[in-house]
Amino acid sequence: MHSVNVIDTVVFHNFKALRNTSLHLSLFNLVIGPNGSGKTSLIQALQQLRTLSQFPLGNDMIHTRSGGPEISFTFSAPYSAVVAQLGCASDLACDFMRVESRDAAAWLKVKSRLATLRSYVLDHNAMAQSSAPVDSTALASNGSNLAAVLAARRRDAPEAFARLEAELLRLLPEFTGIVLDEESDQRVRFSLGIDGAGEPVRAENLSQGVFYLLGLLVLSFDPKPPAVVCIEEIDRGIHPRMLREVRDVLYRLSYPASFGEKREPVQVIATTHSPYMLDQFRDHPDEIVITQKIGHEARFERLSDRADLPELLRDGTLGDMWFSGVLGGVPEER
Amino acid sequence: MKVALLSESPADEAVLRVLVDAILGEPAKITPAGFRARGWPNVLQVLPAVIRHLHFNTDVDTLVVTCDSDDSPVHTEAHEAPQYYHPHCRMCQLRAVFRQTSKRFPTAHGRLKIRRVVGVAVPALEAWLLCGRDSDVSEAAWINGQQAGRLPYTRAELKFRIYQTERPSLPHEIECALRETERHRSDLRRLEYDFPGFAALMKDLKSPAQT
């Protein structure tokens, strides 16, 4: 059976705080937990997989090591027979990869999908900068080429750009449109037209939340999105009442058919520290991953594995339950 | 009548705006920004503050509150008996919050207290939306299912019947909800009959203000 997921499971052994744990990844995954509990490490592991998967396969050195960090990945059907194992010289550098697969063609297909994997920690200061038009194939990990990506999208995929712009204006009705200017140094700068005012608001004067929302929209309305997208702190800078919209923007990536899109679903791994964001997933606890940290060791749990979840939700919202500590995934106090 | 709304989502609020107008038979003066709770039991948590705010800081005279019953006990005729209070019935709980919060309010802005209007959708607002379209869906069907230990449908199923997806976007949710609400606008009798949790809201809204 063909699955829409790319990565099925990740097994960690001595990788940072992830000493001995595994995680089955769904199509959409919202990871919550205290600082230093492995949320970013999970995303780093996926980045390492992408990087190493693009090199020619190495030898079996991973099996000659002992005690060093190791990360194993399995993939979803029809590539479930493929296993990729990373060996790491340290927590920061995984330098070996071994692939177990009887089907070379299957690995090549997995590899081509992994090549598109992108991870994001958006930075509003970087996003406000003008950018060179050549730097526009995909949004940079911090969003620093936002202006160039918008210009390229308008030029190469005007329909997708129009839908992105329409969604932005629906979410932020005080604006009237995206204005793109090429400056004398050929760098692209963007601003947003504002209702009832003459001059558009230049990027450097926009609020943080506008950048983050725009960044998410650029990803969500990409006509050719990556197979896997990792995004940290999806709620950052956004008003709590807007978080339902943020959830929808991300759901558009993973469940395109629900939004009238005709393209392959994108596997999303997102993180948040917001109880209000968590509340948006009350009906889909299978999409929530909680990182539990005890001492120096962290592990993953799926919220849907909690048998008492229905009873818990009678007494409080999901976010309240998380904050209270009942769900775990809270900082240790000494 | 100046009306404020407290609901669980923008889609619920959009539906309420239409239903309030339909019940009153004329457009009500509804405050533009509705109050919002993050699901149950957050409705209970914010309600006292909303009542106090409206009473002392505004000239609103009516507060309409709705919530889903989810799998809580459904409000029945027996709960209407004098002094009766079911600790897990959401209608009883919400009415109690109104009663307790405004018990010792002094007169403000020309009224003794805010008019209480409470509705509970069994098991969720989507059931109201399906009323008249899906004959299997009614408050009685849900109560019978609870008593038999075999629920006739789940909340997720009701949502799917309305939105045709488990993950509707907010605009799609509002569009579908308003389309279904339009069926009720000109004739609320079926909704009133099949859903006593809605009938209670109607009765409250038509009750005289306490001045």
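In what follows, every chain begins at residue 1, and chains take the letters A, B, ... in the order their sequences are listed.
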Return the OG to CZ distance between B/Ser9 and A/Arg241, rounded to the nearest 0.5 Å.
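Those atoms lie 11.0 Å apart.
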Separation between CG of A/Leu313 and CG of B/Asp70, rounded to the nearest 0.5 Å
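Spacing of CG (A/Leu313) from CG (B/Asp70) equals 9.0 Å.
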Check against salt bridge (Lys or Arg N to Asp or Glu O under 4.0 Å), A/Asp320 and B/Arg38
CA-CA 10 Å; A/Asp320 289 342; B/Arg38 296 177 297 114; 3.6 Å; yes
Do you know which of A/Arg282, A/His284, A/Glu245 has the most heavy-atom pairs under 4.5 Å to chain B?
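Winner by heavy-atom pair count: A/His284.
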Residue-level interface, residues 43-66 of chain B with chain A, non-hydrogen cut-off under 4.5 Å
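Checking residues 43-66 of chain B against chain A gives B/Gln45.
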Neighbours of chain A found in residues 77-90 of chain B - heavy atoms under 4.5 Å:
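Residues in range: none.
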Which bit of A/Glu287 is near chain B, if near means a heavy-atom gap under 4.5 Å: side chain, backbone, both or neither?
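A/Glu287 touches chain B through side-chain heavy atoms alone.
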Which atom pair, heavy atoms only, marks the closest approach of [X] to [Y]?
X: B/Pro41; Y: A/Gly316; result: CD-CA, 3.3 Å
X: B/Leu170; Y: A/Asp248; result: N-OD2, 2.8 Å
X: B/Ser169; Y: A/Arg244; result: C-NH2, 3.6 Å

For chain A, which candidate among B/Gln164, B/Lys159, B/Glu173, B/His172 shows the most heavy-atom pairs at distances under 4.5 Å?
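Winner by heavy-atom pair count: B/Glu173.
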Looking at B/Ala156, B/Gly39, B/Pro10, B/Pro168, which one has more heavy-atom pairs under 4.5 Å with chain A than the rest?
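Answer, by heavy-atom pair count under 4.5 Å with chain A: B/Pro168.
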[X] atom [atom1], neighbour heavy-atom count above 12 within 6.0 Å:
X: A/Tyr276; atom1: OH; answer: no
X: B/Phe105; atom1: CZ; answer: yes
X: A/Glu159; atom1: CD; answer: no

Answer yes or no: is there a side-chain heavy-atom contact under 4.5 Å between B/Glu166 and A/Asp283?
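No. Closest side-chain heavy atoms not under 4.5 Å.
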B/Asp71 vs A/Arg314, side chain to side chain contact (heavy atoms under 4.5 Å, CB included): CA-CA, chis, key distance, verdict:
CA-CA 9 Å; B/Asp71 53 0; A/Arg314 280 184 207 142; 3.3 Å; yes
